[in-house]
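One structure below.
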Amino acid sequence: MNVLARRDPTVKLAVVFAISLLLILIVDPVTPSLFLVVAIGVALAGGTRPATILRALVPLSILGVGFVWSNAVFAATQGPATWTIGPVHASESGLRFGLAIAIRGMAIGLFSLAFVWTTDPTDLVVSLIQHARVSFRIGYPLLAGYRFLPFFTDEYAQVRLARRVRGAVPRGPLGRAREAVGELVTLLSDATRRATRIAIAMDARAFAAATRRTYYRETRLTWDDALFVLAAAVTTTALLVLSAWLGSLRTVLG
Amino acid sequence: MFARARSLTVRHIGRKRPALRDLDFDWEEGERLLLLGPSGAGKSTLALCLDGLIPHALDAHWENGTLTVGGRDTRSATLAELTGDVGVLFQDPETQLVMLETDDEIAFGLENLGLPPKEMVERIAEARASTGLGPETPRRLDTLSGGTKQRVALASLLAMRPRALVLDEPTANLDPIGAREVVTAFAALAIRRERSFLVIEHRIDPLLRFIDRVAVLGDDGRLALAGDPENVFMGRADEPADLLVERWPRGASARRDERAPGRRITVAARAVAYRYRAAEREAVNDASLELREGEIAAVVGANGAGKSTLGLLLAGVLRPSRGAVEVTGDVAYVFQYPERGFLAATVRDEVRYSATIGRRIARDPDALLERFGLARLAEANPHSLSHGEKRRLSVASALVTSPAVLILDEPTFGQDLRNTRELVSILREERDRGTTVVLITHDLSLVAEVADRAIAMAGGAIGFDGSPDRLFQRPDLARFGLALPAAAGAFARARERDPAVPPLTGLDAARGALASLVPVRA
């Protein structure tokens, strides 16, 4: 267990949430780049292999290219165009804004993934119940539902196959939409039946029947968690100061 | 007396008929009781009543009568008290586990009881020991087999130290190896007699040695008969008793001689192979076979042996990566979970669906509904049917075009004895009409009963292709993930003593063989 995996999930989640919120307020490309570098460092410190990080960055950056492109071109239709490449006009301010959004997305995405990669889902739920006042009546059914996520892709493939074999051949956009609804109804009716059975099984083991509930996994907040929050705050401030010193910090406030 | 029902009548919401009707039922403290009866007779309802889920967690009309469990009236006791007294193991391993890891799962009930964590650690160790879940058992539940998941569920109940355990068809959703795993775990508990047991099962043979008394619920939700296993199984030859014994072969050998398959080849596969996208090895490799009209072929093998993939290749749903499949006529495929292929809003439209998409209808849909006992449900939504009805509907809608080849994936999975018998008679009828029937199954009882030919797969290849009798005699059955039903074992033992006992015979012989199993009274 590395230093990141040992941290309390609720604390980690709060830190990621706070940083993401902060990044949304920033509209220059340099500041999120600094955060992205730190996010890569954090992911590496959390024991993630460089290859995994790279693989995660690929879809994030493809999404980013889209942002850059659309902003550069869209902004040029409103303001003065800086460049003209063939029929396409692009503006520098739009390009900068697009870049800011793209890199911000990558930074937030990677912080979130670093959280997911270093957090045990059971620990997360128990910690949320114990420290974030999430009701166990919500937390445990969520955990039970989480188990079924991997089944869904499999089941979806089977439902499609089964319907195809029976002769459901969607024609045209309307047909495809109707077929999609049909598939969804089948998946949902399966999911409902399963949820009902799980609820019965939980009740059969006295879920929420006694007045007091105890926990097998104890998630105690430690001084190390406080230290972690402090370190995160210091790093964030330092990055903001650095960006301001470089003269690149721009926020939505101007 | 541990539990006692008097004139108990319970009706589910939205149903006209009570699930339990005027039930008088006794369950002694420490007794190991086997509860039998056809699907829909109210067995599971009784299980839900015994641990208080009805009426405390599930709404149902409690129309009449009383039920006391552990000296408490279940309607006035709390759910916490009742679930502490009675633990229920359900049928489906996938829908009774809540957590992601084994120890958390076992702890779940203990947390609900509010036990201190220190005591949980002790109880988890104890529960793991008594269900054989050693340190080598993987932590994560999603990596466990169905049989091992059921043992984790059992351990989770034991940790709560209930006075009684109800096992509601604990092996119905498992393959033979998993079923054996659960039966072994149950046997280890039952022999120690530390608590009362109520077992609801269709595969009863391996359990009989651990049973003190048998109770049978009838179709109407009343108690049909009860007594010692010997009396119930040996003394009565009437219909209720006839519903009981596992369907191990009914004159299978004799029948096979009567009919030879037709000459015409309907399906020919030549060295077909298939690899799923992103899979490392081929799911099916170099499988060759020819199927004829009027033949029932069973494809058997362990999970992941490539049975279903072969079926999908034969059906033309998957295109082989190598090799070729030739089919004369059209193919109908019935999936393991029939509801996934339902396309219409009513049962009648479901059967007629082939017509609405322009396929040729060869049989009268209404006559099929009649034949499959679905006529009274014609206007119902297919998704609202029971397990057995859904299966029958899917077979009926497959037959409406009178296909040359009918492929069924795990047709007896989760089905009771009567549904299975109906299926068997339908399959025989189809064979007699000249249809090629392919069964993909784990159920060797079904194979013995109805198949003309067995095709056993291991690791994607066909390892055996011949008569079922010859397959059952092979010492390397386990290579195909197969295990003979206990009744077949009893046959083998009976035959060792008396060579006059034929290798495969009927129900009467099954009863005879059961008599040789002396109940253990520890």
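A note on names: the letters A, B, ... follow the listed sequences, proteins ahead of strands, and every chain is numbered from 1.
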Structural part of B:Glu94 lying under 4.5 Å from a heavy atom of chain A: both
Does any backbone or side-chain atom of B:Tyr353 lie under 4.5 Å from a heavy atom of chain A? Answer side chain, backbone, both or neither. side chain
Which portion of A:Phe136 sits near chain B, non-hydrogen atoms under 4.5 angstrom: neither
Tell me whether the count of non-hydrogen atoms from other residues, nucleotides or ligands lying under 6.0 Å of OH in B:Tyr276 goes above 12. yes
Check: A:Tyr140 ring centroid to B:Phe108 ring centroid under 6.0 Å: yes
Could you tell me which of B:Gly84, B:Ser156, B:Gly87 has the largest number of non-hydrogen atom pairs under 4.5 Å with chain A? B:Ser156
So CZ of A:Arg166 and OG of B:Ser394: to nearest 0.5 Å the spacing works out to 8.5 Å
Crowded around A:Trp69 CH2? As in, over 12 foreign heavy atoms under 6.0 Å? no
Indicate yes or no: at least one non-hydrogen side-chain atom of A:Leu161 is less than 4.5 angstrom from one of B:Leu312. yes
Toward chain B: residues of residues 189-209 of chain A with heavy atoms under 4.5 Å: A:Ser189, A:Asp190, A:Arg193, A:Arg194, A:Arg197, A:Ile198, A:Ile200, A:Ala201, A:Met202, A:Asp203, A:Ala204, A:Arg205, A:Ala206, A:Phe207, A:Ala208, A:Ala209
If one checks every heavy atom of B:Leu157 against chain A at 4.5 Å, the contacting part turns out to be side chain
Close side-chain approach of A:Val159 and B:Tyr337, heavy atoms under 4.5 Å: no
Between A:Glu218 and chain B, with a heavy-atom cut-off of 4.5 Å, which part of the residue counts as in contact: side chain, backbone, both or neither? side chain
Rounded at 0.5 Å granularity, tell me how far CZ in A:Arg212 sits from CG in B:Asn112. 12.5 Å
Considering residues, nucleotides and ligands other than A:Tyr146, do more than 12 of their heavy atoms fall under 6.0 Å from its OH? no
Is A:Tyr216 close to B:Leu110 at the side-chain level, that is, under 4.5 Å between some pair of heavy atoms? no
Do A:Arg217 and B:Glu101 sit within salt-bridge range, that is, some charged N less than 4.0 Å from a carboxylate O? yes
Scored by heavy-atom pairs under 4.5 Å with chain A, the best of B:Val98, B:Leu113, B:Leu58 is B:Val98
Which residue out of B:Val86, B:Leu48, B:Leu97 racks up the most heavy-atom pairs below 4.5 Å with chain A? B:Leu97
With the side chain counted from C-beta on, respond yes when B:Met99 and A:Leu143 share a heavy-atom pair under 4.5 Å apart, and no when they do not. yes
For atom CZ of A:Phe67, decide whether the heavy atoms of other residues, nucleotides or ligands shown that lie under 6.0 angstrom number more than 12. no
Turns out that what part of B:Glu350 lies under 4.5 Å from chain A's heavy atoms comes down to both
With only heavy atoms counted, which part of B:Leu141 is less than 4.5 Å from chain A, the side chain, the backbone, both or neither? neither
Could you check which of A:Gly182, A:Gly145, A:Ala162 has the highest count of heavy-atom pairs closer than 4.5 Å to chain B? A:Ala162
Side-chain touch B:Leu100/A:Pro121, heavy atoms, less than 4.5 angstrom: yes
Quick check for you: to the nearest 0.5 Å, what is the distance between B:Thr95 atom OG1 and A:Arg147 atom CZ? 9.0 Å
Heaviest contributor of heavy-atom pairs below 4.5 Å to chain A, chosen from B:Met120, B:His383, B:Lys118, is B:Met120
Measure from the side-chain N and O atoms of A:Gln158 to the backbone N and O of B:Arg340, and report whether any donor-acceptor pair falls under 3.5 Å. no
When B:Val88, B:Asp92, B:Asp103 are compared by non-hydrogen pairs under 4.5 Å with chain A, the top option: B:Asp103
For residues B:Phe342 and A:Arg163, report the shortest heavy-atom separation together with the two atoms involved. O-NH1, 3.4 Å
Quick check for you: among B:Asp51, B:Leu115, B:Val121, B:Asp142, which has the greatest number of heavy-atom pairs under 4.5 Å with chain A? B:Leu115
